[in-house]
Amino acid sequence: MTAQSPDAALRARAEKVIPGGMWGHQSVSRVPAGYPQYFVRGEGCRTWDANGRSYIDYMCAWGPMILGYGDPDVEEAAARQIKLGDGLNGPTPRLVELAELMIDTIPHADWALFSKNGTDATTACVTIARAGTRKRKILVAEGAYHGAIPWCTPSLEGVTAEDRAHIVYYQFNDVGSLEAAADSVKGDLAAILVSAFKHDLGKMHEMPTLEFARAARKMADEADAALIVDDVRAGFRLDLGGSWELVGVRPDLAAWSKAIANGRALAAVTGNDRFRKAAASIFTTGSFWTAGVAMAASIATITKLKSSDAISLMTASGQRLRDGIQAQAEKYGLPLRQSGPVQMPVFLFEGDKNCVMGTRFCVEALKRGAYFHPAHTMFLSTAHTPEIIDETLQITDEALKIVAQVADFEPV
Ligand SMILES: *Cc1c(COP(=O)(O)O)cnc(C)c1O
């Protein structure tokens, strides 16, 4: 990127008016060298950066996009609601329609409430669990991401020990550690919080084992605590009824956001009747939480996901990508380890501690028009058709070939 590129010019201006140039997961220090920071457009499975380059996008706006950018059915529903009104003095009828649709779609859900971000939803789950049980302790898997406020943010800057006083950590998929954590707070356990699957940054992703999922359910029941599934990242990509339908375990409360409105700002908490009264008792709200446009978009999104067999489409494309990349990595003798569900993969190279090889691979793919992430969960959408996967595989073949030529590793 030359100093004159539009992206570089925007970065220079941002440096003066945005602390650190950018915050959070998109902070300047976290965007790999060679990656653009600014995007101007998205359509289908493609995005265009501020320098005018386009990419097949495997981040899907970090999860919110699931039917393709600018999906015509979702946009039409949103446009209709924009004409009627978005934020008004009270909710629009879309609120009730969306809650009914979610309860029809999600087996554990007897009710739903809505907010804007995943953090709102996970935090409301924790608050409802405490209100409903009159207990304080929340078990959280070490390294799991549940949002960006003091009780759960990955950085301890500005966070006090008191903010975390009632959070107790366990290891995902480790029944013994979950038992030990539960034992350590006997009599005061409000909730066990689990991710839909282990999708920690830079780590191999793991589906929950049956043993772990069942143990979590049993321990929550025995302690009269809530089982909360954080489905913010995986929601509607693995199973429309909730990700733990795959292991046959139903939570008491679940947090949703990201994909539920195909890119419009919306989050939801779903819960069962056991926590209905508690959910009604807490005070949680926000200026934009009842706005109708995102809800109209969500109704259209969920309806289309259901009618288009979206999960099968994403799974088939994800499998095609995984198989193709696996064969290429073997051809070049590269220790590439793919993990996670095929429609939410992460690509890691064995022994690649600081993601040096992973970043090199991603940068080479980027130059050729595919946008991957070297350490974070990636996402496929229904716009990632088999033809798009084949186009991507031509890019990954070239990128992996280059990585193999320069890699300083022991061939497998
Ligand atoms: C993104 C994410 C959150 C937080 O959602 P925000 O909308 O960023 O507040 C919570 N949990 C998981 C698993 C996530 O991936």
Side-chain angles (χ1 to χ4, degrees), residues 22-27 30 58-66 113-129 138-155 159 167 169-170 172-173 191-208 213 216 227-239 242-244 246 251 253-270 284-289 291 294-295 297-298 301 339-341 343-346 373 375-381:
M22 183 58 208
W23 60 86
H25 65 299
Q26 295 179 8
S27 111
R30 287 170 194 258
Y58 286 90
M59 286 306 285
C60 293
W62 296 73
M65 188 278 270
I66 189 166
L113 59 85
F114 301 96
S115 51
K116 283 291 154 193
N117 278 282
T119 308
D120 303 334
T122 55
T123 302
C125 286
V126 165
T127 308
I128 292 166
I138 311 291
L139 308 189
V140 177
E142 204 181 307
Y145 187 72
H146 298 296
I149 52 171
W151 73 266
C152 57
T153 183
S155 166
V159 173
I167 305 292
Y169 297 95
Y170 66 89
F172 193 86
N173 265 347
I192 298 174
L193 173 57
V194 292
S195 304
F197 64 94
K198 181 176 170 175
H199 44 43
D200 304 354
L201 186 70
K203 301 265 167 60
M204 293 285 278
H205 288 11
E206 277 175 47
M207 293 306 287
L227 177 65
I228 304 170
V229 169
D230 178 353
D231 229 339
V232 170
R233 189 176 307 183
F236 292 135
R237 274 195 161 84
L238 307 190
D239 190 304
S243 298
W244 275 36
L246 296 174
L253 299 163
W256 307 76
S257 187
K258 301 223 157 96
I260 70 172
N262 200 45
R264 282 213 162 59
L266 192 68
V269 174
T270 53
T284 184
T285 191
S287 297
F288 303 102
W289 288 16
M295 293 183 187
S298 182
T301 301
S339 61
Q343 62 275 48
M344 295 180 67
V346 65
H373 195 288
H376 194 277
T377 317
M378 294 182 283
F379 303 86
L380 273 77
S381 73

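Atoms considered below: every heavy atom in the structure, side chains included; atoms not considered: hydrogens, waters and symmetry mates. Just follow the structure's listing: the first ligand is 1, and inside any ligand the first atom is 1.
Taking CH2 from Trp289 and CG from Leu113, the interatomic distance works out to 8.0 Å, rounded to the nearest 0.5 Å. Separation of atoms NE2 (His146) and CH2 (Trp151) is listed at 6.0 Å; rounding is to 0.5 Å.
Side chains of Asp231 and Ser243: a donor-acceptor N/O pair is present below 3.5 angstrom, by distance only.
Side-chain contact between Tyr145 and Arg233 is present, with heavy atoms from C-beta onward closer than 4.5 Å. Inter-residue side-chain proximity for Asn262 and Met65 is flagged as met; some heavy-atom pair is nearer than 4.5 Å.
Between His376 and Phe379, the two ring planes are tilted [angle within 30° to 60°].
Ligand 1 lies under 4.0 Å from heavy atoms of Asn117, Gly118, Thr119, Tyr145, His146, Gly147, His199, Asp230, Val232, Arg233, Lys258.
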